[in-house]
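Quick notes on the structure that follows.
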Amino acid sequence: MIWIEEIAKYEGKEVEIHGWLYNRRSSGKIHFLTIRDGTGIIQGIVLKDEISPDTFELVDRISQESSIIARGKVKKDDRAPGGYELEIKGILLVHSAEPYPISKKSHGTDFLLSNRHLWIRSRRQYAILRIRGEVTFAIQEFFNSKGFTRLDAPIFTPSACEGTTTLFEVPYFDNKAYLSQSGQLYAEAGCMALGKVYTFGPTFRAEKSKTRRHLTEFWQIEPEIAYANLDDIMKLAENFTTYIIQKVLNKRKEELDILERDTKPLELIKPPFPRITYQEAINLLDKQNKVPKISWGNDFGAPQETYISQQFKLPVFIHRYPAECKAFYMKRDPKDPRLALCVDMIASEEYGEIIGGSRREDELAVLEQRLKEFNIPKESNEWYLDLRRYGSVPHSGFGLGLERLLAWICKSSHIREMIPFPRTIDRISP
RNA sequence: UCCUCGGUAGCUCAAUGGCAGAGCAGGUGGCUGUUAACCACAAGGUUGUGAGUUCGAAUCUCUCCCGAGGAGCCA
């Protein structure tokens, strides 16, 4: 048994392909079978004159997505999709599929999402999931090579990390627990133990967002580094982004082709990325009339973010936002206490914010004050305050949304395609 | 939560107050190089739900349900 991915090695040889029937065309005395095995597709040809009548007749009856084992000789042929053909000598029907709901013509989003367990067999979804697999591997390669330790944060948590309105509450024996919306606070504890850590896992937000950019369950990568400042994490973020994109360009070219992704904008991605302050972003907006301007102190909406990113070919860092529109744990800029030492990275090609990071507040008294201001109960965060009691150090980190990064790399208009089984406000099945 | 759009055959859609139709899938038959193959035939319907207007409703009005896109919020 061999995999279609490595078919070129077997040119001229007889092989067995174990897979599923992706499509069939027939022409009376010749059948064309497109076979997929999860690593690629190959066209099999069945000629009436070169096979037993029983087999030829069987092939005519095999339904789409039936599982089959095909034996035959590998031949190079430019007429075949993929460049290679299998001249089929024998075929075994492992299971005859019932009429397959996903047809060759187009489908609506609702239908496809309801059939997600089958939809992932389709060509485009196959390519996306292969790229996702490459990216999750590259993430770990990148951080490992830089001496980071992966630190898995818990999913059951006692309290909020960001706001308090977006938590999924679950019963936890006689108490309540909440599904984690970020591993960051735990990463902060981790970096005090291990120096450089990153979390990588699912996070949950009960936001009632119904857009192509939102999932209720999504994966985050959150590096956190002791003694690092804001500049350090911007450098890390641009190197990280570049590494991932280069890796996909090198290793998943075929999959990008399937997606018809124009790779030129991705090939441009190299450090350094432009860096502008919040104030400079406001100034950029003041100079134009295409999107509504915003006044100092407000966060950017989607139109403003898009306009700013359009001014650059690379992803752009916007740093030092007004502290009032940012999270409690962000350290203030000593040069201007109205500002937080934070940064957002806006992806190019209008994919919006994919990274948010900051230097963390490391002074106990200041952090206690912030908890009060943000109305966050101190009791459940005592452990977090402990990090400022026992050898507190400056430290910084960022969070990156895996599916948003993937949507950009794949140039997809739906973040839902980027995760095997998407969870959205109105959909929890399959 | 709000705004906009939609729900008709298994799927994708048409039918703008007057006989509910096509393509694909599935079925049958044909075809020796197809690329979402093609050709022919047959089959396939409680028009999301409940009410109302009307001689007559898929179509107009209202209720509710479901979905999509967007806003806010965020990654």
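A, B, ... follow the sequence lines: proteins, then strands. Residue 1 opens every chain.
- The side-chain hydrogen bond (donor to acceptor under 3.5 Å, both in side chains) test with A:E403 is passed by exactly one of A:H214, A:R132, A:R213: A:R132.
- Closest contact between the side chain of A:R212 and the listed nucleotides B:G67, B:A75, B:G70 involves B:G70.
- When distances run from any side-chain atom of A:H414 to the nucleotides B:G72, B:A68, B:U32, the shortest one goes to B:A68.
- What separates CE of A:M345 from C1' of B:C74 is a distance of 16 Å, to the nearest Å.
- Under 4.0 Å is where a charged nitrogen must lie from a carboxylate oxygen, and between A:R252 and A:E134 at least one such pair does.
- For A:K29, the side-chain atoms get nearest to B:U32 when compared with the rest of B:U32, B:A75, B:G69.
- A sub-4.0 Å separation between OP1 or OP2 of B:A36 and a side-chain N or O of A:R124 is absent.
- With respect to A:E349 and A:K313, no salt bridge is recorded, no charged nitrogen being found less than 4.0 Å from a carboxylate O.
- When distances are taken from the side chain of A:P99 to each of B:C24, B:G26, B:U34, the shortest belongs to B:G26.
- In this structure, the ring of A:Y126 has its center no less than 6.0 angstrom from the ring center of A:W119.
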Report summary line: A correct dot-bracket answer for RNA chain B, with pairs being Watson-Crick or G-U at under 3.5 Å, [ ] for crossing pairs and | for inter-strand pairs, is (((((((..((((....[..))))..((((.......))))......(.(((..]....))).))))))))....
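- Following rounding to the nearest Å, A:R213 (CZ) and B:C74 (P) show an atom-to-atom distance of 12 Å.
- If you take CZ of A:R423 and P of B:C74, they are 25 Å apart, rounded to a whole angstrom.
- No aromatic stack links A:Y100 and the base of B:A25, using centre distance under 5.5 Å and interplanar angle under 30°.
- Considering only side-chain atoms of A:F32, the nucleotide from B:C11, B:U34, B:G26 that sits closest is B:U34.
- If you check every strand for non-hydrogen atoms under 4.0 Å, A:S26 touches a base.
- Going from the P atom of B:U4 to that of B:C38 covers 41 Å, rounded to whole Å.
- Of the candidates B:C74, B:U32, B:G69, the closest approach to any side-chain atom of A:D299 belongs to B:C74.
- The listed nucleotides are B:A68, B:U12, B:C24; the one nearest the side chain of A:H107 is B:U12.
- Nearest to the side chain of A:R79, among B:A68, B:G70, B:U34, sits B:U34.
- Between the C1' atom of B:U34 and the CD1 atom of A:I35 lies a distance of 15 Å, rounded to the nearest Å.
- Contact check on A:R332 versus A:E361 returns no salt bridge, with no Lys/Arg side-chain nitrogen under 4.0 Å from an Asp/Glu carboxylate oxygen.
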**Report entry** Verdict with supporting geometry, A:E87 and A:K73, salt bridge (charged side-chain N to carboxylate O under 4.0 Å, His left out)
**Finding:** CA-CA 5 Å; A:E87 286 180 344; A:K73 196 170 157 189; 5.3 Å; no
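- Remark: the A:R25 side chain and the B:C31 base include no donor-acceptor N/O pair separated by less than 3.5 Å.
- A:W296 carries A:R338 over the face of its six-membered ring, with the cationic atom under 6.0 Å from the centre and within 45° of the normal.
- Between the side chain of A:H214 and the base of B:C74, at least one donor-acceptor pair of N or O atoms lies under 3.5 Å.
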